[in-house]
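First the structure, in the form of structure tokens, and then the observations on it.
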Amino acid sequence: MEAVLDAAFFRRWLTRVTAVVEREATALTELDSAIGDADHGSNMRRGFDAASAAVDSEPPDTPGGVLTAVGRQLISKVGGASGPLYGTALRRAGRALGGEPRVSAEQLRDALGAAVDGVRDLGGAAVGDKTMLDALVPAVEAYGAALERGADLAGALDAAAAAARDGAEATIGLRARKGRASYLGERSVGHQDPGATSTSLLVAALADTAREAS
Amino acid sequence: MEAVLDAAFFRRWLTRVTAVVEREATALTELDSAIGDADHGSNMRRGFDAASAAVDSEPPDTPGGVLTAVGRQLISKVGGASGPLYGTALRRAGRALGGEPRVSAEQLRDALGAAVDGVRDLGGAAVGDKTMLDALVPAVEAYGAALERGADLAGALDAAAAAARDGAEATIGLRARKGRASYLGERSVGHQDPGATSTSLLVAALADTAREAS
Amino acid sequence: MKMLINVPETVVSDALRGLAAAHPELTVDVQNRLVVRRDAPVADKVGVVSGGGSGHEPLHGGYVGMGMLDAACPGEVFTSPVPDQMARATAAVHSGAGVLHIVKNYTGDVLNFKLAAELAEDEGIDVRQVLVDDDVAVTDSTHTAGRRGTGATLFVEKVAGALAEAGAPLDRVAATARKVNECSRSFGVALSACTTPAKGSPTFDLPPGELELGVGIHGEPGRERRGMMTAQEIADVALDAILEDLPPGGPVLLLVNGMGGTPLLELYGFSSHVQRILGQRHVGVARTLVGNYVTSLDMAGASVTLCRADEELLRLWDAPVRTPGLRWGC
Amino acid sequence: MKMLINVPETVVSDALRGLAAAHPELTVDVQNRLVVRRDAPVADKVGVVSGGGSGHEPLHGGYVGMGMLDAACPGEVFTSPVPDQMARATAAVHSGAGVLHIVKNYTGDVLNFKLAAELAEDEGIDVRQVLVDDDVAVTDSTHTAGRRGTGATLFVEKVAGALAEAGAPLDRVAATARKVNECSRSFGVALSACTTPAKGSPTFDLPPGELELGVGIHGEPGRERRGMMTAQEIADVALDAILEDLPPGGPVLLLVNGMGGTPLLELYGFSSHVQRILGQRHVGVARTLVGNYVTSLDMAGASVTLCRADEELLRLWDAPVRTPGLRWGC
Ligand SMILES: Nc1ncnc2c1ncn2[C@@H]1O[C@H](COP(=O)(O)OP(=O)(O)O)[C@@H](O)[C@H]1O
Ligand SMILES: Nc1ncnc2c1ncn2[C@@H]1O[C@H](COP(=O)(O)OP(=O)(O)O)[C@@H](O)[C@H]1O
Ligand SMILES: [Mg+2]
Ligand SMILES: [Mg+2]
Ligand SMILES: [Mg+2]
Ligand SMILES: [Mg+2]
């Protein structure tokens, strides 16, 4: 059975992401310690804990509502670079999904595109700058391409997750041009970007949520 | 040939002490680091370097003059507890030797006694308090006893040096009641007192100077 | 690494509680993480607000008070605060004359202050922003997020605060704050990494006998690792980098800043080398500050900041200031 | 351990040169190791002199100036200065009204100041001495050199300096200084040992997960080693020891002092626990100071000092002071 993209789906995704971030927080902080300031794990954990708590206490009844609420929490609880960037990404995605109780795989594609635009507009980074965009952009592209090829939601999200993971890994070879890691110049090469890594976790959680439902 | 206790003898002693202190400075500081503030070696080195330089530049022509000059330099260059204590000890010893160009082994005994009194008066410590007195007092006693038994200068100073070394080693078992080490209470037990150790070096240098001359 | 804390999670709120108890002249909102002058908003005065990650104390909370900041928003350790904090601070110090945001140039600070300014402007508050980006260690600005804001933040906050206190309008306070930043350059060096409470171990490995040149204040490694150098050699490298880039002009304000873990004895010694080299290069020093002003937790090391100061800047620098971290003239 | 120095031998003179350059209001005699108020001797004013080993900065050189010390004599690191320094300082600040020596109770300081007082008295200068011995960690005073002088030194120097500035005669300045000491108690804790330049490695080994309770400020180990404790537990132990011994009375001056290597963020957090516990025990806090005031090089840790303060002490505490390390009211 094909997964249904309703509010419950995105709440399950949120629960999963919160658990994954909890589990991976130390690893994310470790990555951030090599080329940043050793806080990405705690930032993500603080944000998703707050988002889970907010959504649990006042559950929105649309997919857009869930994503917007998560985005708002990330903005007002995280700080740092990742807080406003992820927060804006999710708010834009939520806004793109509008007030519908269920959305289609195609609508999700557009929402993901809006998320990319949000990160680009606010942070001014491009693909190749060694940021979360290096996982997010390939993920969104792979998702769209898979849908084009006729994949179902779970299949397309699997493609997205694989692309995100590859994108995150490929940041190892990149020299950072945005964010804190850019201060290191050449010395940023050889380390995986923490934000790209957390993005790949968020996308993998989407795929897992879809697979679990189908 | 019996050593002659003239100004040259005490200058040779000073040269020897300066070299010994230079060599042992790290070890003395190490001892002071365990139960004090890790400066006894550099204190002694600073003091004897200054004393050597002063005596070389204006050589006194009596034993009393040499010891007084050394004492004055220790007081005005060392600081800490050991500076005024050693300085006063040597000034008192120098004063006891008066203005004579040569002194006897018995006069040296009285001068050493005056040194002990100087340390006692200024510092208020008694034997057993884990200080330089625990090497100095047995050394002076052993020296006097050896002279009584008819030993010559070199023999009596050898006895003094042995007693000083034993006294210094015996401070390991003592609990400090004076100086910085006293702050440690029971924890001062098990460590050799730095000041008693440097005293045993000063006395050994006296014996070596006498033996070298004889 | 051992720390004098209860648990990492409460480090910032505990410190704010301590600040509140020690400084009754400040209003500290522990819940919302704000430090505000007790007499805010001061009638007809431009409000001056700054903020950033915690771990740089006394920056910024320690610089709240008469003649300097009206409010500060401390974030988590090394994490910029969130827009809600800055928006609240802005509202709390707004007397009608507008509010200046002093923002150190880090992606997180810039983005969060940007969102905060939008929120404040929604409330009808006139907000100007000045970016501090004085760290010459970050050279290649088209390939980076731009230069970091470090020691010059102190100069900008002091001068802008003095000018606001004197009743200058928002545009003038903002323009002068920008001028201070443009006239300032910094360079930092680390002899050890720092340890954040959340991580609990040093943020990078620095073997004995090596140091990091061109470090920031967030425990990130620097531009270059070298074998250990003397204080004098370090002063040379720092001043070479700074003077190459510093605009020409008259005498300078000099800040010899400790990173937190370096004893004042060493800092003053380091400062003597800095002063000697400046003398050799014919750079006059009008005012000197030596101490831990913009720190990086327990990191051992120091930074040097120079600011070309004209008569006006010196006058504003000398104006009375009364904060926990900087005080004179009253 | 890495240090921001040239060579260990010049650490103190380099720091004095740095102090001189940063503070034109002080006369620094690098050769003779003296820091003196530029306007000394102040006519008809009692001179106030202190000194001790270096490594405790800003103590003592950083407390020279209007309303506090007239002169300070810095010794080598952790080594008391020599009598010649103190005698010179005494002569330099003697206006005819006599001179007070503020001496921390360590054998070296006591002996050297004693010899210095004899030298000064030979010159016909009336000298009084006040011993500071506030450290309650040293309990067994018949079996020790007596309690150490630590944090209370700051209180004694500030209050004696204010009273001398107000024109009080020598006996009164000395008596009040003694009263401050008698009303003060301190307790210190180390999370790490410090490293002296001469030794170049930590003065004692403190394994991860352990701390030293009841430490002094010279890198000596404390009275007891324990497994790591929270800030709150440490505050409890320190206040238990202090309050058991503190004379009863009114509100207190509180100093939460950093040993040098502990970030201000942690110190303020620690201070919040100290204040909370004092509140629970109904001890009113009249004034609070949080920061690195009496340090021990780069040692991580903190000490707490309380001083029962009557109206007069509070007035003297609040009086204007203008020194590199403590400044208010002017
Ligand atoms: N301008 C930017 N655009 C997109 N992503 C960015 C940008 N700057 C930083 N990032 C991402 O943010 C991550 C760091 O997040 P985090 O550590 O939480 O914040 P901070 O850098 O403020 O400490 C980086 O790994 C990078 O992926
Ligand atoms: N009151 C005293 N009487 C005699 N000797 C003392 C006294 N106090 C300390 N000492 C000696 O001084 C030594 C320490 O000297 P040093 O380390 O140079 O000075 P400080 O203790 O001031 O650092 C001790 O090991 C002890 O032998
Ligand atoms: Mg980070
Ligand atoms: Mg010693
Ligand atoms: Mg951060
Ligand atoms: Mg000493």
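Residue numbers begin at 1 in each chain, while the letters A, B, ... track the order of the sequences. What you are looking at is a predicted structure, and each value in this text was computed from that prediction instead of being measured.
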ask   = Which one, C:Pro24, C:Gly325, C:Ala22, C:Ser13, leads in non-hydrogen pairs under 4.5 Å with chain D?
value = C:Ala22

request  = Report the distance from atom CG of C:Leu254 to atom CZ of C:Phe155, rounding to the nearest 0.5 Å.
outcome  = 7.0 Å

key: Side chain / backbone / both / neither for C:Gln232 at chain D, heavy atoms under 4.5 Å   = both

inquiry  = So for C:Met3, is it side chain, backbone, both, or neither that comes closer than 4.5 Å to the heavy atoms of chain D?
reply    = both

note = Most heavy-atom pairs under 4.5 Å with chain D, out of C:Arg276, C:His23, C:Met299, C:Met229, belong to C:His23

inquiry  = Which one wins on heavy-atom pair count under 4.5 Å against chain D: C:Ser271, C:Ala231, C:Ser192, C:Gly209?
reply    = C:Ala231

ask   = Under 30°, 30 to 60°, or over 60°: which ring-plane class applies to D:Phe78 and D:His218, parallel, tilted or perpendicular?
value = perpendicular

Most chain C-contacting option - heavy-atom pairs closer than 4.5 Å, from D:Leu289, D:Val12, D:Thr10, D:Leu297 = D:Leu297

ask   = Going through the checks in order, is the side-chain contact (heavy atoms from CB on, under 4.5 Å) test met by C:Ile277 and C:Asp236?
value = CA-CA 7 Å; C:Ile277 297 168; C:Asp236 257 322; 3.7 Å; yes

request  = Find the one option among C:Ser272, C:Cys194, C:Gly55 whose heavy-atom pairs under 4.5 Å with chain D are most numerous.
outcome  = C:Ser272

task = Examine whether an atom of D:Ala300 lies under 4.5 Å from a heavy atom of chain C, and if so say whether it belongs to the side chain, the backbone or both; otherwise answer neither.
result = neither

note = Note: vs chain C, highest number of non-hydrogen pairs under 4.5 angstrom among D:Glu210, D:Glu233, D:His56 is D:Glu210

Max heavy-atom pair count under 4.5 Å with chain C, selected residue of D:Asp14, D:Asn6, D:Thr230 = D:Asn6

query = Who wins among D:Gly260, D:Gly261, D:Cys330 for the most heavy-atom pairs under 4.5 Å with chain C?
reply = D:Cys330

Point-to-point distance, once rounded to the nearest 0.5 Å, from CG of C:Leu211 to CE of C:Met228 = 5.0 Å

ask   = Is there a donor-acceptor pair closer than 3.5 Å between any side-chain N or O of C:Ser54 and the backbone N or O of C:Gly75?
value = yes

ask   = Near D:Asp205 CG, under 6.0 Å, is it more than 12 heavy atoms from other residues, nucleotides or ligands?
value = no

inquiry  = Return the CG to CG distance between C:Leu206 and C:Leu191, rounded to the nearest 0.5 Å.
reply    = 7.5 Å

ask   = Which bit of D:Thr295 comes within less than 4.5 Å of chain C, counting heavy atoms only: side chain, backbone, both or neither?
value = neither

key: Donor-acceptor contact below 3.5 Å, side chain D:Lys158 vs main chain D:Ala319   = yes

ask   = CD of C:Gln31: more than 12 outside heavy atoms within 6.0 angstrom?
value = no

ask   = With only heavy atoms counted, which part of D:Pro58 is less than 4.5 Å from chain C, the side chain, the backbone, both or neither?
value = both

task = Against chain C, work out which of D:Arg17, D:Gln275, D:Arg327 has the most heavy-atom pairs shorter than 4.5 Å and name it.
result = D:Arg327

request  = To the nearest 0.5 angstrom, please state how far the CG atom of D:Asp298 sits from the OG1 atom of D:Thr262.
outcome  = 10.5 Å

remark   = If one checks every heavy atom of D:Leu19 against chain C at 4.5 Å, the contacting part turns out to be both

note = Greatest number of non-hydrogen atom pairs under 4.5 angstrom with chain D, of C:Gly62, C:Pro324, C:Gly329, C:Ala235, falls to C:Gly329

key: Contacting region of D:Val77 [heavy-atom separation from chain C under 4.5 Å]   = side chain

remark   = The reported gap from CG in C:Leu264 to OH in D:Tyr293 (rounded to nearest 0.5 angstrom) is 12.0 Å

query = Counting heavy-atom pairs under 4.5 Å to chain C, which of D:Val285, D:Ile5, D:Leu267, D:Thr288 comes out on top?
reply = D:Ile5

